[in-house]
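Only one structure is covered here, and it is reproduced in the block below.
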Amino acid sequence: TPENRGQTSHKSHLAERKKLFFNRNAIMKFRRKSKKKSSGLESLVNRGLMEATKPIFENINKLMAYYRCAIMEVETKLNVLNEQFSLQYDRNPISSIQTRLKRMDSISEKLARDDLPMTLQSMEENLNDIAGVRVICSFPEDVYMIAEALLSQDDITLISKKDYIREPKTNGYRSLHLIVTVPIFLADEKRLMKVEIQLRTIAMDSWASLEHQLRYKKEFEFTDQMADELYRCAQISAELDARMDNLRSIVHGNIKNKR
C-alpha cells in the first residue's frame, strides 16, 4: 500500500543517514589518529634536530657573547678617555657612543657573498665588523685625539685604518674607520676579539644617517641628480666642520691665554 511504501522509504532514508553519520565519524577518527601520528613524528624529528643542532647554537651564542664583551671593553675605554679629556679641556670631546652587534642573517649573507665557509672559525678570521662601535665627536680634531689616545693603549692592536675624513669616499662620506683587536678576560682564558670602530663628527654622522635613509629606500630609483645633491650636502657638512673647528681653536686659545 502507499502507506507501507512511505514507511519503507522513511526507514531507508534513516538508514542512509545513519550510514553516512557513522562513515563521517570514522573518517574524522581516522583523521584525528593520522594527525596525532603526524604531530608525534614531527615532534620526534624536531626534537632530534634540536638535539643535533644544540651544540652549534651554543657555540654561536658563546662567540657572540665574546663579541659583546669586546664591545663593552672598547666602550669602557672610550668613556674613560672622555672623562679624562673633559677634565683637561673643560668639555666632552665625545658626544655619544653607539654600539652594534651584527645579526646572524647579515653574517651568513656576507659569508655567502664572499664565498667563504659557513663556520665559526671563518666568521672570526674573515669578518671584521661583527662587533661595531660608533663614536660621535664634537669636532674633527676630537676624532683624531680620541683615536690616537685609544690606539696608544698597550692592549689595543690596530689591524687596519681607513681615513675617509682626509680622503672622503666618492659619494661624500666622511669618517675614520679603525679595525682593532682588544683582549677580553674570561674566567679561564683571555681572548683577542676584533672590533670595528667608526669615529666621526656630529655633522658627519648627520649626513651619513640621512644619506642612508634617502639612498636605500625600497622601490625607489635614486637618480644621479640626487646623488650630486647629496655630494654637495656632504661638502657643506665638511665646511661646517671646518668653521666650527676654527671657532673651537679661537675659544680654546683665548682660554689658554687667560690662564
If you look at every heavy atom in [X] and [Y], which pair is closest and at what distance?
X	Y	result
Ala131	Tyr67	CB-CD2, 3.8 Å
Leu240	Ala203	CD2-CB, 4.1 Å
Gln153	Ala149	CG-O, 3.6 Å
Thr201	Pro140	CG2-N, 3.4 Å
Ile146	Cys137	CG1-SG, 4.4 Å
Ser138	Ile202	CA-CD1, 4.3 Å

inquiry  = Let's go through Glu73 and Ile156 carefully: what are the C-alpha distance in whole Å and the side-chain angles of both, what is the deciding distance for side chain to side chain contact (heavy atoms under 4.5 Å, CB included) to 0.1 Å, and is it a yes or a no?
reply    = CA-CA 10 Å; Glu73 288 283 351; Ile156 292 283; over 6 Å; no
State, yes or no, whether a side-chain contact exists between [X] and [Y] at a heavy-atom distance under 4.5 Å.
X	Y	value
Arg248	Arg91	yes
Phe85	Ile94	no
Asn171	Leu230	no
Ile97	Asn82	no
Pro93	Met145	yes
Trp207	Gln235	no

When rounded to the nearest 0.5 angstrom, what is the spacing between [atom1] in [X] and [atom2] in [Y]?
X	Y	atom1	atom2	result
Ser175	Ile136	OG	CD1	7.5 Å
Met64	Ile130	CE	CD1	6.0 Å
Asp163	Leu178	CG	CG	9.0 Å
Leu78	Leu81	CG	CG	6.5 Å
Leu111	Met123	CG	CE	7.0 Å
Tyr164	Lys169	OH	NZ	4.5 Å

message = Checking side-chain polar atoms at under 3.5 Å, does Ser237 have a donor or acceptor matched by the opposite partner on Arg174?
response = yes
message = Checking side-chain hydrogen bond (donor to acceptor under 3.5 Å, both in side chains) between Gln198 and each of Lys162, Arg100, Arg134, which is the one that passes?
response = Arg134
ask   = Quick one: which of Asp129, Thr181, Asn128 gives a side-chain hydrogen bond (donor to acceptor under 3.5 Å, both in side chains) with Lys194?
value = Asn128
ask   = Does the side chain to side chain contact (heavy atoms under 4.5 Å, CB included) test come out yes or no for Glu75 and Val195, once each step is laid out?
value = CA-CA 11 Å; Glu75 190 174 12; Val195 181; over 6 Å; no
What do you reckon, is [atom1] of [X] surrounded by more than 12 foreign heavy atoms closer than 6.0 Å?
X	atom1	value
Glu148	CD	no
Met244	CE	no
Tyr144	OH	yes

Do NZ/NE/NH1/NH2 and the carboxylate oxygens of [X] and [Y] come within less than 4.0 Å?
X	Y	result
Asp155	Lys77	yes
Glu109	Arg113	no
Glu196	Lys102	no

message = Could you go through Lys62 and Glu58, starting from their C-alpha distance and side-chain angles, then the distance that decides it, and tell me whether this counts as salt bridge (Lys or Arg N to Asp or Glu O under 4.0 Å)?
response = CA-CA 6 Å; Lys62 188 186 294 184; Glu58 285 179 350; over 6 Å; no
query = Cation over ring, Arg200 on Tyr173, under 6.0 Å and within 45°?
reply = no
request  = Determine the sole option in Val135, Asp142, Ile165 for which the side chain to side chain contact (heavy atoms under 4.5 Å, CB included) test with Leu199 is passed.
outcome  = Val135
